[in-house]
There are 2 protein chains.
Amino acid sequence: MSLNLQEKILQAASELFYSQGIRATGVDAIVKAANTTKMSLYKYFPSKDDLVLAFLRKRDEDFRAWFVDQVNGKADTPKAKLLAIFDVIGEWMAIPEFRGCAFINAAAEFPLEGNPVHQVSAEFYDHFRNYIADLAGQCGSISPESLALQLSLLVEGAIVSEQMKRHSGSAEQAKQAAIILIEGSLGDIPDTTLLTDNSEEEQ
Amino acid sequence: MSLNLQEKILQAASELFYSQGIRATGVDAIVKAANTTKMSLYKYFPSKDDLVLAFLRKRDEDFRAWFVDQVNGKADTPKAKLLAIFDVIGEWMAIPEFRGCAFINAAAEFPLEGNPVHQVSAEFYDHFRNYIADLAGQCGSISPESLALQLSLLVEGAIVSEQMKRHSGSAEQAKQAAIILIEGSLGDIPDTTLLTDNSEEEQ
DNA sequence: ATTACACTATACCGACCGGTATAGTGACAA
DNA sequence: TTGTCACTATACCGGTCGGTATAGTGTAAT
């Protein structure tokens, strides 16, 4: 709660950027929401572009920390965590404030290739995939990187699908697909048997 | 080549909307690109919003027609067509004009839930999934709708992934995942190894 | 008391936004 | 000749955009 002014501005901007869109959010609106003035905003963020990048970089850290926390709260084994990813995504989608993925949205709002926004967004998903690949490696995937990329495609697909049409069950379908891909990548029998087959792995 | 004025305006707007983004494209820029005047534009499209929706609706028809054509040119059997989908997506992503999916981008640019843009975008993917479900049904999928939704998630995921980071092989990975999901959904043996309990294989 | 500094207050800038008003042009039909 | 109609030309509207200039306030250290 002890936010200094810079953090307060960034937080106000972040909420507006995510809920209304970046281009749709004017600097004046941010200033008003943060209860400060333009001069202070431009002291800490020399341009709106800087503020946008700061927003994305903080979102990168915050969202991933939150996400890993959620997954850890739902599952103990690496394999169960891989599946829990889709439960967390599903619950996230269900909250009314859900407006899709901030990074995908940002990349869509600034379509020109090579925009710094794309780079930060790509980095987020690199981190995200690394996290999945770690889990995949821990439970003995044949190709952790392949599995991680495939699962991340399902996640991203589910997010944008849900964004265009709410409550269409994309997270559940993504999970079903993930189950098959995971089992296949572990060299197990797919389908029907489901999880906890190989409780040989510890932790 | 025999474009009337209305079509010419819509085409100019479409190219700008897709390449630069919708919000980033001013009415004046469209007018200039179409070599006409504001008065004519506003005669055919009472507001920019109308023009945006016209753009998306036409894109819906055009893109799907083009896409089905491409797939048919690559494969003959329904099963081969399911896989060819990912080849077409992969080639589309490789062209320099690629800026992601117009519908996903539009939904991201107008984040408020219930925006007409979302509805048109959702309809596009409904059509897209129906097309996949048809193919899935034709080659004997256990659950064509499930498979279609799963494959569409892979496609959407690959598109947004490629948008944020070009040439990262997302289409190829999506195809690898699709192979497993398709084989699984047809009741076949998924990969190089492994048996399957329900030997209900047909076709 | 003086200085330094973080912050506020407010007015302003040129540029652009979506959209409109008014007038005019050229072709074609009655 | 007259009217209609698609289209052009241009000036204009209020509002908002990102960003800046100038002046002032409160506080805490020196």
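Bear in mind the structure is a predicted one, so any value in this text is a computation, not a measurement. Lettering follows sequence order; numbering is per chain, from 1.
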(message) Does the structure place the NZ or CZ of A:R59 under 6.0 Å from the centre of the six-membered ring of A:Y18, at an angle of no more than 45° from the ring's axis?
(response)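 Yes - A:R59 lies over the ring of A:Y18, closer than 6.0 Å to its centre and within 45° of its axis.
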(request) With a 4.0 Å heavy-atom cut-off, tell me which residues in residues 28-36 of chain B come close to DNA chain C, sorted by residue number. (result)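 Correct list: B:D28.
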(message) Near DNA chain C, counting only heavy atoms under 4.0 Å, which residues of residues 11-19 of chain A show up?
(response)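 Within residues 11-19 of chain A, no residue comes under 4.0 Å of DNA chain C.
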Please tabulate, one pair per line, all N/O donor-acceptor pairs under 3.5 Å involving side-chain atoms of residues 169-182 of chain B, not counting sequence neighbours.
from   : atom 1 : to     : atom 2 : distance (Å)
B:S170 : OG     : B:A158 : O      : 3.3
B:S170 : OG     : B:E162 : OE1    : 3.3
B:Q173 : OE1    : A:Q150 : NE2    : 2.9
B:Q173 : NE2    : A:S146 : OG     : 3.1
B:K175 : NZ     : B:D87  : OD1    : 3.0
B:K175 : NZ     : B:D87  : OD2    : 3.2

(request) Assign each of B:K38 and B:K8 to its nearest nucleotide of DNA chain D by heavy atoms, then name whichever residue's nucleotide is nearer the 5' end. (result)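 On the 5' side of the pair lies B:K8.
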(message) Using 0.5 Å steps for rounding, measure from the CD atom of B:E61 to the CZ atom of B:F124.
(response)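 CZ of B:F124 is found 12.0 Å from CD of B:E61.
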(request) Enter the distance from A:Y125:OH to A:L149:CG here, rounded to the nearest 0.5 Å. (result)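 The OH atom of A:Y125 sits 12.5 Å away from the CG atom of A:L149.
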Can you tell me how far [atom2] of [N] sits from [atom1] of [X], to the nearest Å?
| X | N | atom1 | atom2 | result |
| --- | --- | --- | --- | --- |
| A:L41 | D:dG19 | CG | C1' | 11 Å |
| A:E7 | C:dA6 | CD | P | 15 Å |
| B:Y42 | D:dT10 | OH | C1' | 16 Å |
| A:I22 | D:dC17 | CD1 | C1' | 16 Å |
| A:L5 | D:dG26 | CG | P | 17 Å |
| A:N4 | C:dC7 | CG | P | 8 Å |
| B:R23 | D:dG18 | CZ | P | 11 Å |

(request) Check every atom of D:dG18, D:dT8, C:dT20 against the side chain of B:S40 and return the nucleotide holding the closest atom. (result)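 The nucleotide sitting nearest to the side chain is D:dT8.
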(request) Between D:dT8, C:dA9, D:dG19, spot the one nearest the side chain of B:M39, thanks. (result)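 Of the candidates, D:dT8 comes closest.
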(message) Would you say the ring centers of B:F128 and B:F63 fall short of 6.0 Å from each other?
(response)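 Not close enough - the centres of the two rings lie 6.0 Å or further apart.
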(message) Heavy atoms within less than 4.0 Å of DNA chain D: which residues of residues 44-59 of chain A have one? Give them sorted by number.
(response)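 Heavy-atom cutoff 4.0 Å gives A:S47, A:K48.
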(request) Would you name the heavy atoms of A:C139 and A:L186 that are closest together and state the gap between them? (result)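 Heavy-atom minimum between the residues: O-CD2, 3.3 Å.
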(message) Once salt bridge (charged side-chain N to carboxylate O under 4.0 Å, His left out) is applied, what residue pairs with a partner in residues 122-137 of chain B remain, sequence neighbours excluded?
(response)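 Sorted pair list: A:K165-B:D126, B:D126-B:R129, B:R129-B:E156.
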Please tabulate, for side-chain N and O atoms in residues 93-111 of chain B, each donor-acceptor pair with protein atoms closer than 3.5 Å (sequence neighbours left out).
from   : atom 1 : to     : atom 2 : distance (Å)
B:R99  : NE     : A:P111 : O      : 3.4
B:R99  : NH1    : B:P96  : O      : 3.1
B:N105 : OD1    : B:Q163 : NE2    : 3.1
B:N105 : ND2    : B:R99  : O      : 2.8
B:N105 : ND2    : B:C101 : O      : 3.4
B:E109 : OE1    : B:R23  : N      : 3.1
B:E109 : OE2    : B:I22  : N      : 2.7

